[in-house]
Amino acid sequence: MLSVRNHLGYPQSKVAAILGIADKSYKNYELEKRELPLSIAVKFCDEFEQNLSWLINGTAAPDSEQSAQLTGDTAKAVFEHMESSERSFSSDDVRRFSKYIFEQALSKGTSADVEAKLFFSAIE
């Protein structure tokens, strides 16, 4: 919250007014002296065009282009590794493997191929 406010050059009182809360409440949320209610977090993100995942977890969600690219890369990596495997997998396995590999690549910032290699080496 502090970084967004500083980037905009707003005083705490202006952000508090935009959010419809007391200045002191906003200050306590910004300084992490009080837990930020979800309703205020959502309003903050809506008002200042921020990502809720970023505000809560400190990580940004990928934009749609990044998601589409990672989805395609994940599918390709999973199928390439499945083709080279001697085991057969069900469609449910493929879905679970892909979900796991996608999430790992997204959270670690690695490629889907790296995560697929790690995953398939662990299960074989």
Side-chain angles (χ1 to χ4, degrees):
M1 294 175 84
L2 174 64
S3 64
V4 171
R5 183 176 62 78
N6 284 339
H7 176 74
L8 295 170
Y10 290 172
Q12 287 179 337
S13 59
K14 182 169 183 169
V15 175
I18 291 169
L19 297 176
I21 60 176
D23 296 1
K24 185 170 177 105
S25 293
Y26 176 78
K27 180 180 181 178
N28 286 331
Y29 300 146
E30 190 175 89
L31 296 174
E32 298 180 20
K33 289 184 177 182
R34 287 186 54 204
E35 189 170 326
L36 179 66
L38 183 58
S39 60
I40 301 298
V42 169
K43 188 168 185 177
F44 180 88
C45 290
D46 287 345
E47 292 290 336
F48 299 105
E49 299 178 0
Q50 298 300 311
N51 181 285
L52 186 59
S53 178
W54 167 79
L55 182 64
I56 293 172
N57 300 318
T59 58
D63 63 28
S64 60
E65 186 174 328
Q66 289 171 315
S67 290
Q69 182 67 46
L70 184 55
T71 299
D73 292 348
T74 300
K76 181 178 183 239
V78 167
F79 281 102
E80 285 176 354
H81 286 278
M82 285 175 52
E83 285 177 346
S84 66
S85 175
E86 294 180 17
R87 294 175 56 188
S88 62
F89 301 101
S90 70
S91 59
D92 192 49
D93 289 336
V94 174
R95 181 190 58 77
R96 287 184 293 114
F97 298 168
S98 297
K99 181 179 184 291
Y100 176 80
I101 291 165
F102 179 92
E103 289 171 346
Q104 291 299 304
L106 183 61
S107 68
K108 294 178 182 178
T110 55
S111 73
D113 191 52
V114 166
E115 293 304 324
K117 283 177 187 173
L118 290 170
F119 177 80
F120 282 96
S121 69
I123 66 167
E124 295 198 355

How long is the straight-line distance from CZ of Arg96 back to OG of Ser91, given to the nearest 0.5 Å?
10.0 Å

Looking only at heavy atoms, which two atoms of Ser98 and Val78 are closest? And how far apart?
OG-CG2, 3.6 Å

Residue pairs passing the ring-ring contact (aromatic ring centres under 6.0 Å, His included) test where at least one lies in residues 31-51, sequence neighbours excluded
Phe44-Phe48

Side chains of Met82 and Asp93 in contact at under 4.5 Å (non-hydrogen atoms)
no

Under the side-chain hydrogen bond (donor to acceptor under 3.5 Å, both in side chains) rule, collect the residues that match up with Ser84, sequence neighbours excluded.
none

In chain order, what residues pass the side chain to side chain contact (heavy atoms under 4.5 Å, CB included) check against Asp46, with sequence neighbours excluded?
Val42

Let me confirm one number: the SG-CE distance from Cys45 to Met1, rounded to the nearest 0.5 Å.
8.5 Å

For the CG atom of Asn28 and the CD atom of Gln12, what is their distance to the nearest 0.5 Å?
9.0 Å

Roughly how far, to the nearest 0.5 Å, is OG of Ser111 from CD of Gln69?
11.0 Å

Partners of Asp73 by salt bridge (charged side-chain N to carboxylate O under 4.0 Å, His left out), sequence neighbours excluded?
none

Smallest separation among heavy atoms of Ile40 and Leu36, with atom names:
CG2-CD1, 3.6 Å

Just grab all the ring-ring contact (aromatic ring centres under 6.0 Å, His included) pairs involving residues 4-40, residues at least two apart or on different chains.
none

Please determine whether residues Ile18 and Leu55 belong to a single hydrophobic cluster, defined as Ile, Leu, Val, Met, Phe, Trp and Tyr linked transitively by side-chain heavy-atom distances below 4.5 Å.
yes

Considering only residues two or more places apart or on different chains, which pairs with a residue in residues 100-117 satisfy salt bridge (Lys or Arg N to Asp or Glu O under 4.0 Å)?
Lys99-Glu103, Lys108-Glu115, Asp113-Lys117

Suppose we screen for side chain to side chain contact (heavy atoms under 4.5 Å, CB included). Which residues come up paired with Arg95, at least two apart in sequence or across chains?
Asp92

Who pairs with Phe97 by ring pair (Phe, Tyr, Trp, His ring centres under 6.0 Å), at least two apart in sequence or on another chain?
Phe89, Phe119, Phe120

Just so I know, are the side chains of Gln104 and Thr110 near enough to count as touching, which here means a heavy-atom distance under 4.5 Å?
no

Taking only residues at least two apart or on different chains, which pairs with a member in residues 14-27 satisfy salt bridge (Lys or Arg N to Asp or Glu O under 4.0 Å)?
none

Test side chain to side chain contact (heavy atoms under 4.5 Å, CB included) applied to Leu2 - qualifying residues, sequence neighbours left out
Arg5, Asn6, Glu30

Which residues share a side chain to side chain contact (heavy atoms under 4.5 Å, CB included) with Lys43, sequence neighbours left out
Leu19, Glu47

Co-members of Val114 in a cluster of I, L, V, M, F, W and Y side chains, linked at under 4.5 Å:
Leu118

